[in-house]
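When a ligand or atom number is given, it counts from 1 through the structure's own listing order.
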Amino acid sequence: MNHILHVVGARPNFVKAAPVLRAIRQRGMRQTLVHTGQHYDRNMSDVFFTQLEIPEPDFNLEVGSGSHAVQTAEIMKRFEPVVLDSKPDMTLVYGDVNSTVAAALVCSKLLIPVGHVEAGLRSFDRTMPEEINRIVTDRLSDVLFTPSEDGDANLLREGVPKEKIHLVGNVMIDSLIQLLPAARSCPKNGFPERFALVTLHRPSNVDDGDMLREILDSLTKVSRELEIVFPVHPRTRQRIAEFGLDSQNLRLLDPVPYIEFLSLQSRAAVVITDSGGIQEETTYLGVPCLTLRPNTERPITVSLGTNILVGDDRGSLITELAKILEGKQKKGVRPPLWDGHAGDRIADILLEM
Ligand code: UD1
């Protein structure tokens with residue numbers, strides 16, 4: 001392999017691609033970076049490039065928001081000429097966002113090999129748009145880099161040949177390890193000593209008015225025991241306003257840059273979230289995590305880590321929180337290969353190919 005093209009589009013992609021870009025650069029291979037522009041707000045995109053020291057993208061497709069079909073199609077239309085022009089030996093795609101599946105579709109039809117970083121994860125819930133993206137991307141990929149053994153097992157069960165699968169560990173944890181010292185020295189900025197950190201953006205939680213109202217009511221209940229710090233995704237901010245919901249007892253912030261968010265996670269008494277990556281980061285940090293989803297594509301965070309799925313059972317959220325407040329939280333261990341070197345392993349495999 002001489003020339004690798006990377007496609008990133010949304011906030012979690014930036015965190016995953018940064019260590020791979022660095023490792024490939026250190027090995028002297030040529031690389032091209034394409035930003036689809038799926039996330040475009042400064043605090044959802046630029047800040048991440050700066051803090052994670054990601055080079056300026058060679059191409060920005062500026063697709064912006066839209067329905068799933070519109071966003072995916074727009075990325076495909078704008079990405080195809082870039083691939084035809086760049087002629088990479090392989091395209092690397094990350095995670096499970098619309099940019100991931102769109103780029104995989106384009107490259108597979110142009111007979112450009114596709115490598116999928118964070119392959120094999122399955123929630124077995126096809127109502128989640130990301131699950132569709134994961135299944136299709138893995139099906140089209142030629143090289144599949146998995147973060148944990150459950151990923152290998154899922155792919156083998158789906159008939160993916162063993163030779164295509166490489167267990168490399170978790171690239172998101174590479175970034176975490178790299179920037180944790182900076183996060184630990186972040187000023188506390190008037191945040192309380194003890195707080196619950198909340199994030200919410202899944203369509204199933206925030207696009208349904210009744211569901212979002214119930215969640216905010218439960219969080220308001222929690223806030224009587226523990227202050228809530230809640231950096232709000234733009235999608236969730238829009239929905240709270242649209243449904244006219246009450247959030248006055250919650251400390252709502254704009255989306256927070258990576259290092260500051262890591263600092264908040266590492267100091268939180270508990271994290272309440274519906275994100276995928278945050279389930280992994282809290283497991284690495286040993287911070288209790290209550291996940292507002294009925295399932296997870298990252299089961300290792302439950303079997304080994306600090307994660308508990310509370311689904312939409314508000315009673316269970318309150319019970320688990322009480323345990324944490326009494327100091328009886330679930331203890332976890334770090335999964336194998338979540339050691340800061342996943343990007344190096346990927347780059348070494350590509351160099352050999
Ligand atoms: C996307 C991913 C999701 C990932 C999340 C991380 C898909 C299907 N979903 O969800 O898996 O966990 O990113 O954040 O790819 N918006 C802004 N500014 C931005 C970006 C978005 O205002 O920079 C608003 C727009 O109104 C947009 C909405 O947020 O319509 C949703 O953005 P979109 O990229 O469609 O999906 P996310 O919810 O961010």
- For ligand 1, find out whether one of its N or O atoms is nearer than 3.5 Å to an N or O atom of Asn133. no

- Item | Residues Glu130, Arg202: salt bridge by 4.0 Å N-O rule | yes

- Task: Can you see which heavy atom on Phe243 is nearest to which on Asp207, and at what distance?
- Result: CZ-O, 3.4 Å

- What residue and heavy atom of the protein are closest to atom 4 (C) of ligand 1, and at what distance? His201 NE2, 3.7 Å

- Top protein contact for atom 28 (C) of ligand 1, by heavy-atom distance: Arg235 CB, 4.1 Å

- Message: Pairs of nitrogen or oxygen atoms closer than 3.5 Å, one from His68 and one from ligand 1: do any exist?
- Response: no

- Working to the nearest 0.5 Å, report the span between CD of Gln51 and CD1 of Ile259. 4.0 Å

- Item | Numbered atoms and elements of ligand 1 in range of Pro234, under 4.0 angstrom, heavy atoms | 16 (N), 17 (C), 18 (N), 22 (O), 24 (C)

- Message: Please classify the Arg11 to ligand 1 contact at 4.0 Å (heavy-atom distances, strictly less than): side chain, backbone, both or neither.
- Response: side chain

- Message: Return the closest protein heavy atom for atom 26 (O) of ligand 1 as residue, atom name and distance.
- Response: Gln238 NE2, 2.8 Å

- Item | Shortest protein heavy-atom distance from atom 2 (C) of ligand 1, along with the residue and atom involved | Val97 CG1, 3.6 Å

- Could you please spell out the steps behind the side chain to side chain contact (heavy atoms under 4.5 Å, CB included) verdict for Leu121 and Asn154? CA-CA 7 Å; Leu121 299 187; Asn154 290 333; 5.9 Å; no

- Tested for side chain to side chain donor-acceptor pair (under 3.5 Å) against Ser123, the lone hit among Arg298, Glu131, Glu297 is Glu131

- Note on the structure: min-distance protein heavy atom vs atom 18 (N) of ligand 1 -> Asp41 OD2, 3.0 Å

- Message: Going by the rule ring-ring contact (aromatic ring centres under 6.0 Å, His included), which residues pair with Tyr40 if we only count those two or more places apart in sequence or in a different chain?
- Response: none

- Message: Less than 4.0 angstrom from a charged side-chain N to a carboxylate O is my criterion; do Lys164 and Asp138 meet it?
- Response: no

- Item | For ligand 1, the portion of His39 having any non-hydrogen atom under 4.0 Å away | both

- Identify, with sequence neighbours excluded, every residue that meets side-chain hydrogen bond (donor to acceptor under 3.5 Å, both in side chains) alongside Gln329. none

- Query: Tell me, which protein residue and heavy-atom name are nearest atom 16 (N) of ligand 1, and how many Å apart are they?
  - Reply: Tyr40 OH, 3.5 Å

- Task: With heavy atoms of Met44 as the reference, note each atom of ligand 1 found under 4.0 Å away.
- Result: 23 (O)

- Nearest heavy atom to atom 37 (P) of ligand 1: which of Arg134, His233, Glu130 does it belong to? His233

- Query: Which residue supplies the protein heavy atom nearest to atom 27 (C) of ligand 1, what is that atom called, and how far is it?
  - Reply: Ser65 OG, 3.2 Å

- Message: Within the structure provided, determine whether Ile24 and His6 are in side-chain contact (heavy-atom separation under 4.5 Å).
- Response: yes

- Message: Considering non-hydrogen atoms of the protein only, which is the closest contact for atom 34 (O) of ligand 1, and what is the distance?
- Response: Gln38 NE2, 3.1 Å

- Centroid-centroid distance, Phe14 to His39, less than 6.0 Å: no

- What part of Pro12, side chain, backbone, both or neither, has a heavy atom within less than 4.0 angstrom of ligand 1? side chain

- Message: Salt bridge or not between Asp254 and Arg237? Use side-chain N to carboxylate O under 4.0 Å.
- Response: yes

- Task: Find all atoms of ligand 1 within a distance of less than 4.0 Å from any non-hydrogen atom belonging to Gln71, and give their numbers and elements.
- Result: 34 (O), 35 (O)

